[in-house]
Asks: 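Here it is, the structure in full.
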Amino acid sequence: MNAAGVVGEALQGVSVDSDEALVRLARQGDFGAFERLFERHRVMVFRIAYRMTGRRDDAEDITQDAFLKAYQNLHRYRDEARFTTWLVRIVTNLATDRARMAHRRHSLEQQEAGGALDWMTVGTTREDPSENIEREQMAKLVRSALAELPAHHRLMIVLRDLEERDYQEIADVLGTTVGGAKLRVLRARRALRDKVNQMLEKTP
Amino acid sequence: MRLGWKRPADADEAWGSDSVSRKVQLGLDALRSESLEPSVGIEALKDRILQDSLAAPRRPAWVWAAPVAASLALAFWLGVAVRTVPPAATVGSEPAAGVARIARADSPRLVAKPSQQALPQPAVESPSAEPARTVDAPAGAVALRIGRDGARPMVVAQSSPMLASDADPKPDSAAFGQSEALAAPPDPPTTTDDADEQIVLIHATEDTETGAASAVELESSANVLVGG
């Protein structure tokens, strides 16, 4: 086999294995292609859902819902957008809706519990010199702070700082410009920082 | 002086170097390195897709297209049927529902066919388009068109071979009881001004002993259509 054939096969292999090619096959009724897409992206979808809702069972429901919705709407997917962008848009919409409902529920629970928040049990870093412990404590603190943020701020932190999506993709997911995406991330970070600061100040 | 909020050039500068920002970034790093593995698998998703397709099966296009097509066909057929209904009944046709026969006690031989008063008269585009109507009447009967303000009665048909004129009709000496068909000319185009116009069928007789003439109104209608 000559070099051109090898290159051609390699290119063909890459093309066949791409998300867009699998979507085309799935559209034609090849459920195996959709299975491959599911296996490839299910962890990412679950991560976003979990970080948005903070609950594992909710996140698993959202993951299933997102792939179900993607399967049912494959004919609407346009090739000009990346499949992952389209999928992230689906999961963020579902997760945002679920997170808003959970936020209301959580607020009610807080009122009933007299404001006894679980994050108040988190200690300060000043009392523990161990960096690993501090890291774990900060993770818990930030997670709690994220749960307190409005869903639209939380989504920006999840996409930019946890999933490390670039601004262009965030803009595509949100349907806005890159500048608009940067602005939203900026506001979300300020909100998170202020929330963490409040928590640290309240911690004895 | 420039008012308003100044947009930062790079939003990444939002994470400052202060202690709080550093702690936030530390927490985010820890969260990022978390291992998250969903327990949801493809089999559960397959079941869900199957359940969803069973719960809400996609209906083929004909499910909604068939009633729409039937409605359109019915509407089209009704439109064609209305257009093809003749504007006037033909001689000898069966009476339409709801239209009663008219019989006068003083003219037992005159039995009017069902009139078409109940049927709406379509706007006549040309007088020749309307078919002639036939009336059974005894010999000597005359059909007059009356009703226009200031207009004299006009003979529109007669059952005997007498000349139609604007003058009052002469009574025919034929024996009462004979009847023959009167071919009434079609009405002129109906307008709102002619709403009071009537066709009156009159039978004039002459008493052979006294010589007195009398006229009996046999039929009167705004839209006379009587047949023998």
Side-chain angles (χ1 to χ4, degrees), chain A residues 31 34-36 38-39 42-47 49-51 56 59-65 67-68 71-72 124-125 131-132 134-146 157-158 160-164 167 179 181-190 192-197 200, chain B residues 1-69 72:
Chain A
F31 194 77
F34 189 74
E35 275 189 47
R36 291 180 68 185
F38 174 79
E39 292 298 337
R42 70 186 180 104
V43 176
M44 179 268 293
V45 169
F46 175 77
R47 268 200 323 257
Y50 178 71
R51 285 166 176 164
R56 192 174 184 87
E60 291 190 343
D61 285 349
I62 290 169
T63 303
Q64 213 174 63
D65 288 349
F67 278 101
L68 177 67
Y71 182 76
Q72 290 173 339
T124 60
T125 56
E131 191 175 341
N132 283 337
E134 182 186 4
R135 196 177 147 90
E136 284 181 11
Q137 286 175 337
M138 282 301 105
K140 195 171 181 180
L141 188 67
V142 169
R143 188 182 293 121
S144 299
L146 273 175
I157 299 296
V158 168
R160 178 61 189 160
D161 292 314
L162 297 178
E163 290 296 316
E164 296 180 302
Y167 284 111
K182 283 185 176 182
L183 183 59
R184 292 188 198 194
V185 169
L186 172 67
R187 288 174 177 167
R189 283 174 171 174
R190 284 179 179 171
L192 177 63
R193 184 189 173 282
D194 292 345
K195 183 64 72 178
V196 169
N197 193 33
L200 287 172
Chain B
M1 179 179 160
R2 189 174 176 181
L3 297 175
W5 182 73
K6 188 180 176 184
R7 190 173 180 165
D10 188 358
D12 281 333
E13 294 174 0
W15 290 131
S17 55
D18 59 302
S19 63
V20 176
S21 295
R22 191 185 62 78
K23 287 175 181 174
V24 170
Q25 289 185 70
L26 190 64
L28 288 172
D29 285 341
L31 290 178
R32 205 162 33 233
S33 60
E34 263 184 337
S35 175
L36 294 172
E37 183 71 19
S39 62
V40 58
I42 189 66
E43 292 304 321
L45 182 63
K46 275 182 183 174
D47 290 344
R48 184 78 188 280
I49 289 172
L50 187 64
Q51 282 176 6
D52 197 75
S53 62
L54 288 176
R58 291 191 176 187
R59 295 178 176 176
W62 59 265
V63 170
W64 59 266
V68 172
L72 288 175

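Letters A, B, ... mirror the listed sequences (proteins, then strands); counts begin at 1.
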Asks: Using a 4.5 angstrom heavy-atom cutoff, name the option from A:L68, A:N197, A:V43 with the most pairs to chain B.
Replies: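 Top option by heavy-atom pairs under 4.5 Å: A:L68.
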Asks: Counting only heavy atoms closer than 4.5 Å, note whether B:D29 contacts chain A via side chain, backbone, both or neither.
Replies: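 For B:D29, the contact with chain A is made by backbone and side chain together.
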Asks: For the pair A:D65 and B:R48, find out whether any cationic side-chain nitrogen is under 4.0 Å from an anionic carboxylate oxygen.
Replies: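 Salt bridge: yes.
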Asks: Name the region of A:E164, side chain, backbone, both or neither, that has any atom closer than 4.5 Å to a heavy atom of chain B.
Replies: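 The side chain, not the backbone.
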Asks: Which atoms of B:S19 come close to chain A, meaning under 4.5 Å heavy atom to heavy atom: side chain ones, backbone ones, both, or neither?
Replies: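 Neither part.
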Asks: Using the benzene-type ring in the case of Trp, are the ring centres of A:Y71 and A:F31 under 6.0 Å apart?
Replies: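 Yes - the distance between ring centres of A:Y71 and A:F31 falls below the 6.0 Å cut-off.
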Asks: Measure the acute angle between the ring planes of A:Y50 and A:F46, then classify it against the limits of 30° and 60° as parallel, tilted or perpendicular.
Replies: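 Plane angle under 30°, so parallel.
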Asks: Is the shortest side-chain heavy-atom distance between B:L31 and A:R143 below 4.5 Å?
Replies: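 When only atoms from C-beta onward are counted, A:R143 and B:L31 do touch, with a gap below 4.5 Å.
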Asks: Among B:S33, B:G27, B:P38, which residue forms the greatest number of heavy-atom pairs with chain A at distances under 4.5 Å?
Replies: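 Of B:S33, B:G27, B:P38, B:P38 has the most heavy-atom pairs under 4.5 Å with chain A.
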Asks: Can we say B:E34 and A:R47 salt-bridge, meaning some charged N sits less than 4.0 Å from an Asp/Glu carboxylate O?
Replies: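 Looking at B:E34 and A:R47, the cut-off is not met.
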Asks: Give the member of A:E163, A:E60, A:Q64 that has the highest number of heavy-atom pairs under 4.5 Å with chain B.
Replies: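 Highest number of heavy-atom pairs under 4.5 Å: A:Q64.
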